[in-house]
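To keep things clear, I will list the structure first and then write my remarks on it.
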Amino acid sequence: MSEQLDHSFRGAQRALAAALPPGAMLDRGGALELAALNPSEAPRLIAATLVEGGSMRRHQVGEPVAQFAAFLDGTQVSRVMTYRDAVPVVHGTVAAVVRERRDRRMGTWGRPIVRHRLYVPRALVPAAFWERLESTGLEISDTSDAADGSGTPHPFALRDAAIHRVQKDRERAEHELAEQWCGSESRPLFVDGGISGSAVAQSSCAVGVVKSHRTLYVEGADLVTVLALGEGERSSVLRITSPRRTTVASWYLRLRDASGRDPLWGLVRVEMKAEDDASAGEVGHRADEISRWILAETSPVSLPDARWDKMVYGIRDCEEFLKVIQ
Amino acid sequence: MMGRVVATERKPNTPHEFHFWTALDSPVGIGTIVRVEGSTAVGGQVPRIYGVVVEGFSYTDLQSPLHDVMGHDGAPGNHAMSSTERAEIRLYTAHVLRQIPEEPLQPVPMGSVFLADDADVAVALRMDGYLREGESTGIPIGIYRAGGTEAAIHLDADFLLGPEAAHLNITGVSGLATKTSAVEWVMQSIFTHFPASKGSVAALCFNVKGPDLCFLDKPGILDHADRAIYEKCGVPAGPFENVQYYAPYKSDGFSLNTLRSNEALLDNVTPLTWGLREVLQYAEVLLNKDDVDAKADAMIDFIKENVLDRPFSDPMLERTHTVTSFADLEQWFRDVLRALEKKDDQSWRTHHVATIRKVRNRLSNISTRCKGLVADDGAVSDLPFGTFQDRTVYVVDIASVEEDAQDLIFARVVTRLREHLERRDLGVNHVVVFVDELNKYAPSDGADTYVRKMLLDLAERGRYLGLVLFSAQQFRSQVHRRVVGNSGTSLFGRMDADELATPGYAVLSPATRTKLSTLEKGQLMVRHPHFTQPIFVRFPRPAIMRGRDGAELYPQATDVTLEHAVTRSLRALDPSVTLAWVQDTIIMHEPEAVLKARNATVRARPDDVRAFFRSQFRPTVSGKAAQRPAAPAVLRTTPADDPYGF
């Protein structure tokens with residue numbers, strides 16, 4: 001039955017409408033990610049260890065060179081389908097794809113991943129309701145850990161918990177593809193976002209490029225230096241360590257001239273495998289090389305995407321592709 | 001698979017139009033025929049749709065051209081620095097040629113798109129209905145070529161030469177050797193493939209300009225590509241086997257008024273001369289309405305019925321007249337007018353003297369305007385009405401003839417063809433009449449001439465008789481719409497942009513119009529009753545000598561003397577005739593008598609040409625040698641002793 005079942009949002013709507021009492025379904029629901037874009041996480045500065053030179057400096061990286069063979073990105077969409085006793089039932093779709101560059105044109109590498117799930121806190125809904133959901137054949141993810149046991153939480157809290165679970169699923173899909181790539185290819189892969197949460201952080205074939213800067217890994221004078229980076233300049237390389245993530249080497253790179261714009265405009269943070277036994281010179285040389293690869297991806301511009309200052313065209317292509325298939 | 005059908009709410013598919021995208025390197029272009037395989041069965045049958053590409057679109061994911069400018073910092077050369085090409089689409093619009101099943105007629109479904117192969121092309125254009133083995137009525141018009149497909153395109157003889165539909169019209173700019181070449185190619189194809197069961201077919205071409213039709217029996221130069229098309233279409237790559245040329249004389253009455261006047265080519269050139277009767281039958285072609293009022297018309301009828309070709313006597317006239325030529329007619333008019341003056345009368349046999357003078361004036365004017373065509377002696381050398389031969393081309397060269405004479409020839413020949421076809425005694429069952437410069441003969445505006453009326457009649461009723469009009473012009477929009485509208489088949493060569501902007505072409509997509517305006521030599525767009533959409537085909541060069549080459553290889557004969565002209569004419573019948581013999585034979589005779597003798601000989605084609613030609617002259621009094629008068633008697637000499645002489 002599950003093979004024939006349509007797990008997409010529309011399919012899930014039909015399945016639930018058949019399983020639940022009339023009128024239980026919401027008429028329409030926008031993507032929760034749009035609402036969740038309002039950053040709840042406070043901006044912060046975290047000091048990181050400098051691994052290149054004794055102080056934070058600006059480095060000219062040189063002329064762009066196109067070397068990336070493929071680009072990886074993932075997307076997610078979550079929508080509330082119904083509420084049961086103020087508990088949202090969220091349908092989430094995650095997708096990820098590697099788009100390979102062949103003869104200067106983008107094509108899909110391997111098989112993209114598309115997954116659909118319902119996200120429901122089992123502990124907060126009646127058992128009969130849970131059984132009804134299960135009877136639809138749809139895949140269900142239990143988000144009960146979002147409840148603290150003190151009664152029914154705020155519906156938004158449950159909703160946010162579902163979104164975070166969807167986000168985790170999306171990251172998992174991205175990591176799967178990145179690992180597939182690095183398991184079979186030695187050519188460099190451009191990954192949208194950080195790689196420290198993935199096993200590929202220990203591989204030299206993947207380079208993560210982070211566009212958001214809610215957390216900046218520099219403080220004080222170093223921050224001033226980073227924000228003053230000119231077009232085609234990078235910062236000195238840092239080591240970023242996190243208890244639950246893999247340590248990576250990272251640096252900031254200015255993709256475009258930010259004159260007259262905010263200081264984060266055109267600024268990305270690059271992550272690559274941390275080479276513990278590499279000298280500072282070797283690390284810097286590698287950072288220059290990868291920075292040149294990234295700069296080569298600034299053309300064509302990814303307009304009309306609003307993030308075009310930081311987003312390379314290959315990643316936009318991934319997003320457009322995923323929009324179609326998810 | 002070459003593409004996928006797509007449809008959006010803004011750009012939906014309909015039963016007659018659909019859209020599909022392809023890879024960037026797909027061999028699809030405007031005019032390509034494609035096949036769509038549906039995925040969902042309707043009534044137990046998976047739909048299959050055939051279409052022809054009429055429009056193409058290409059775009060990238062750019063929302064504004066300005067984004068590209070910004071992306072390259074305003075320097076186009078920076079494009080080379082881009083490591084990735086933008087996502088790009090090739091989106092095509094196709095018009096439906098055929099849907100299978102044909103009922104229910106539904107919008108084109110989403111499906112896979114394939115390049116049509118040979119068999120698909122036949123089905124798409126409904127040629128499968130008339131190309132059945134053993135009963136084919138297909139006439140190859142050229143080949144359709146796209147991707148790896150090369151398929152012969154056939155017209156249906158029943159819709160080209162009647163009786164279902166008929167006529168062919170071709171439009172295109174001048175100077176690209178498309179219109180005449182295409183017609184020559186189609187005629188070769190018809191002569192090869194016209195089914196025997198449909199009867200015989202001949203062609204009659206009016207050469208109204210240049211030498212293009214003057215060397216139809218001489219081989220031309222073909223390249224490998226041309227020969228391949230001939231082979232694919234099953235048409236022998238050779239000139240027409242049977243061609244007969246007809247041309248009037250020049251005003252001198254003995255030099256043929258044709259570009260095919262080279263002596264080496266005269267064996268199948270026949271003079272076209274008509275007498276007074278032939279001309280008077282079509283007097284209204286040459287006389288406009290102001291000339292021929294009811295009274296003048298009555299006078300002409302009187303002449304036709306009572307005077308022409310029979311002895312005519314009247315007590316008032318000085319003598320009995322037998323009018324067989326314009327010269328005789330002039331004598332008759334003089335006699336009538338003289339008699340009226342003598343009697344001081346104003347009318348004769350109900351005809352007013354002014355009417356008589358007017359008719360005399362107009363008719364004698366015809367003989368001047370059509371000199372060379374109209375024989376003063378009434379001699380007639382005409383097309384072989386009644387003995388037309390199957391698969392023969394008859395060319396009437398009127399390129400150098402005065403406009404009035406062109407109209408006269410045109411009107412009379414076509415009318416005679418129609419009369420004979422109505423009686424089924426022309427000699428063939430179908431005749432293709434080719435007329436170039438239709439703008440001139442059947443214009444959409446201007447006076448309603450006899451020729452235009454006749455062409456309209458031919459276009460509207462000819463198909464029932466087997467009289468088929470193949471016409472050509474540069475501007476279709478300027479031809480009478482009933483003439484082109486009745487053409488079942490229309491061909492379009494390269495078109496002028498101004499012409500394409502006229503309303504008649506609004507049904508074509510902008511891309512199709514663009515393709516029409518840039519068509520290369522040897523390409524045509526074809527509309528045919530079986531084809532629901534226009535199709536682009538390639539046709540080969542005709543396997544005949546180009547007019548320009550022929551004119552260089554066989555230069556036109558310079559104006560010759562009467563003796564030379566007569567020698568040429570007679571030598572065509574008897575090669576032993578020499579110039580010296582002709583000079584000796586005609587030296588004592590007037591030019592009119594010589595031409596009369598020549599015409600009679602050419603018409604009779606006797607076994608003994610010399611004897612027949614000589615016998616045409618009135619015998620002259622044989623010369624008698626002068627005799628020396630008898631010498632006078634010798635006078636007696638005076639005796640020396642007779643001083644008085646006694």
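Naming: A, B, ... by sequence-line order, numbering from 1 per chain.
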Treating Ser509(B) as the side-chain partner and Val54(B) as the backbone partner, does any N or O pair qualify as donor plus acceptor under 3.5 Å?
yes

Do other residues, nucleotides or ligands put more than 12 heavy atoms under 6.0 Å from the CD atom of Glu63(A)?
no

Is Asp128(B) paired with Arg98(B) through a side-chain N to carboxylate O contact shorter than 4.0 Å?
yes

Any Lys/Arg nitrogen of Arg126(B) or Glu102(B) sitting under 4.0 Å from an Asp/Glu carboxylate oxygen of the other?
yes

Strictly below 4.0 Å, N to O, side chains only: are Glu100(A) and Arg105(A) in salt-bridge contact?
no

Salt-bridged, Arg170(A) to Glu174(A), with N to O below 4.0 Å?
yes

Less than 4.5 Å to any heavy atom of chain B: does that hold for the side chain of Arg316(A), its backbone, both, or neither?
side chain

Using a strict cut-off of less than 4.0 Å between a Lys/Arg side-chain nitrogen and an Asp/Glu carboxylate oxygen, indicate whether Glu233(A) and Arg58(A) qualify as a salt bridge.
yes

Between Arg292(A) and Glu289(A), is there a side-chain N and carboxylate O pair less than 4.0 Å apart?
no

Please output the residues of residues 61-68 of chain B in contact with chain A, using a heavy-atom cutoff of under 4.5 Å, in numerical order.
Asp61(B), Gln63(B), His67(B)

Could you please spell out the steps behind the salt bridge (charged side-chain N to carboxylate O under 4.0 Å, His left out) verdict for Glu275(A) and Arg286(A)?
CA-CA 10 Å; Glu275(A) 303 279 2; Arg286(A) 179 70 172 155; 5.9 Å; no

Does Tyr59(B), at its OH atom, have more than 12 non-hydrogen atoms belonging to other residues, nucleotides or ligands within less than 6.0 Å?
no

Where along residues 9-27 of chain B does a heavy atom come under 4.5 Å of chain A, listed by residue number?
Leu24(B)

Ser83(B) side chain vs Ala296(A) backbone, donor-acceptor pair below 3.5 Å:
yes

Do any of residues 299-311 of chain A come closer than 4.5 Å to chain B, heavy atom to heavy atom, and if so which ones, in number order?
Ser299(A), Pro300(A), Val301(A), Leu303(A), Pro304(A), Trp308(A)

Heavy atoms under 4.5 Å from chain A: which residues of residues 85-94 of chain B carry them?
Glu85(B), Arg86(B), Ala87(B), Glu88(B)

Indicate the ring-plane relationship of Trp293(A) and Phe68(A), choosing parallel, tilted or perpendicular according to the 30° and 60° boundaries.
perpendicular

Residues Ser291(A) and Arg234(A): side-chain donor-acceptor under 3.5 angstrom
no

Under 4.0 Å between a Lys/Arg side-chain N and an Asp/Glu carboxylate O for Lys232(B) and Glu150(B)?
no

Do Arg115(A) and Ile113(A) come close enough that some side-chain heavy atom pair is under 4.5 Å?
yes

When you check the gap from the basic side-chain N to the acidic O, do Glu520(B) and Arg494(B) get nearer than 4.0 Å?
no

Any donor-acceptor pair under 3.5 Å from Ser184(A) side chain to Gln180(A) backbone
yes

